[in-house]
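Below, chain A is the first sequence line, B the second, and so on; all start at residue 1.
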2 protein chains.
Amino acid sequence: MKSETSEVLILNAAKSVFIKKGMDGARMQEIADEAGINKALLHYYFRSKQQLFEAVFFNAFSLLAPQLNYILNDDSSVEDKIIKFTHNYVSFVSQHPYLPNFVIQEINRNPDFALKFKGNENLPNLEKFKIQVNNEVQKGIIKPINPEQLFINIISLCVFPFVGSPLIKAIGIIDDENFNQLIDERKTHVANFIISSIKM
Amino acid sequence: MKSETSEVLILNAAKSVFIKKGMDGARMQEIADEAGINKALLHYYFRSKQQLFEAVFFNAFSLLAPQLNYILNDDSSVEDKIIKFTHNYVSFVSQHPYLPNFVIQEINRNPDFALKFKGNENLPNLEKFKIQVNNEVQKGIIKPINPEQLFINIISLCVFPFVGSPLIKAIGIIDDENFNQLIDERKTHVANFIISSIKM
DNA sequence: AAATAGTTTAACCATATGGTTAACAAAATT
DNA sequence: AATTTTGTTAACCATATGGTTAAACTATTT
């Protein structure tokens, strides 16, 4: 069956176009062109633009979300988790720099998407992390901190540089060459920064 | 002259619609409806969708960027700057939560915008901050840190929670009620977190 | 009050766009 | 080999959308 090839061609093209232009900015014709097939085929495999978009979106989302579980469902110490997670996540996101922005943007555009997640198996859950942080605080291993704030801080430091890079670059704070080096440094910097803040 | 009123009505409506739906998702008709005037008037005051959009965009951008100067062109210590800036910026952004996302998204969509900034008077400049940080590091007031990383960290911690809130909420880590309280806490938490990390 | 300039609108227009159809081609099934 | 199913396309359709026009209406000026 050659059919699977077409479907994959479409999905890849759709991914590329949707991530670059968003749902509203993307054109079915452009996706077809980039896939090198007729526009009608898009509707043959995926009924509508909406359905094609959702296929791409949920694929992207399911790439992004499970990464969070590393830090949540692991048995090492908070410090070790932070070291592993930040290195991992910065590396991962720097290989998919447009993913967070895309997902955020499209959830924003259509909050109904959020509902479709509820009940998803491998959505991260903070409970374990909260307990662990509180535990280490009580034992005097780390300084008192609200686990939710800590979690947001970790994510912010890992993800924002990518999401905000257009802004950071536009403002002229950092140029392209510098940026890549800075990101590379961040793979270790972020963990040091956080741990230095919370360690007793 | 009643004319100014119409122009303001249009700008406000355009701001609301563009920020909610982005350039591509916004409809001229919807802007006209929200402004309560005829669609042709949009073209009377602003020649095209593009020009109306740019009016809104640069207004939004000029609201966001100057805030950064607080931390850069001020003579207090690094610690004081961080305290003032984070409180200020978190407060400011929580009053305009969609602004960063909008600006980032649209720069992303059209990188040519970035060029239009170059030469803008009050774009922030990192030089002074760099020197100051290096200075305090040398004096042993704060721990060694790359000033650019520190700056990115500060911005990330202030801005990401807003930009990423759709994602954070969708993942189910934090619900709406909790979120507002968390943001309120962050006005002081962020400064504590950063200072705790860099202070000797 | 007449004329002029500025403001606002309803009705149009051209085009782009998502989606459909009907015919054709290629596999798969009998 | 004949038939059915699946894949692919060019041509088409309905509608949405940014933009225009010409007329009406409202100040402002003379």
Quiz item: D/dC12 P sits how many Å from A/Asn38 CG, rounded?
Solution: 14 Å
Quiz prompt | Phosphate-side-chain proximity, B/Tyr44 and C/dG6, N/O vs OP1/OP2 below 4.0 Å | solution = no
Practice problem: Using whole Å, report how far CG of B/Asp33 lies from P of D/dT17. | Solution: 11 Å
Quiz item: Relative to the ring of A/Phe92, is the ring of A/His96 parallel (under 30°), tilted (30 to 60°) or perpendicular (over 60°)?
Solution: tilted
Exercise. Look at the side chain of A/Lys49 and the base of C/dG19, then say whether one donor and one acceptor between them are separated by less than 3.5 Å.
Key: no
Quiz item: Does the A/Asp184 side chain pair with the main chain of A/Asn180, one donor and one acceptor, at a distance under 3.5 Å?
Solution: no
Self-check item: Length of the CE-C1' vector between A/Met23 and C/dG18, whole Å
Solution: 10 Å
Quiz item: Over how many whole Å does the gap from B/His43 atom NE2 to D/dG18 atom P extend?
Solution: 8 Å
Quiz prompt | C/dA16 OP1/OP2 closer than 4.0 Å to side-chain N/O of A/Arg27 | solution = no
Quiz item: Where the side chain of B/Tyr45 is concerned, which of C/dT8, D/dG18, D/dT21 is the nearest nucleotide?
Solution: C/dT8
Quiz item: Just how far, in rounded Å, is P of C/dG18 from CD of A/Gln51?
Solution: 15 Å
Exercise. Quick one: label B/Ile37 by what it contacts on the DNA or RNA (base, sugar-phosphate, nothing), any heavy atom closer than 4.0 Å.
Key: sugar-phosphate
Practice problem: Grab the CD-C1' distance between B/Glu54 and D/dG18 for me, whole Å please. | Solution: 16 Å
Quiz item: Can a salt bridge be assigned to the pair A/Asp24 and A/Lys49 using a cut-off of 4.0 Å between side-chain N and carboxylate O?
Solution: no
Practice problem: Quickly work out the B/Leu52 CG to D/dG19 C1' distance and round it to whole Å. | Solution: 13 Å
Quiz item: Just how far, in rounded Å, is P of D/dT6 from CG of A/Leu41?
Solution: 15 Å
Self-check item: Side-chain N,O (A/Ser48) to OP1/OP2 (C/dG18) below 4.0 Å
Solution: no
Quiz item: Considering heavy-atom distances to DNA chain C, does B/Gly36 or B/Lys39 have its closest nucleotide positioned more toward the 5' end?
Solution: B/Gly36
Quiz prompt | B/Glu136 and B/Ser77: side chain donor to acceptor below 3.5 Å | solution = no
Exercise. Assign B/Ala32 to base, sugar-phosphate, or nothing according to its heavy-atom contacts below 4.0 angstrom with the strands shown.
Key: nothing
Exercise. Establish, yes or no, whether the cationic atom of B/Arg186 lies under 6.0 Å from the six-membered ring centre of B/Phe162 and within 45° of the ring axis.
Key: no
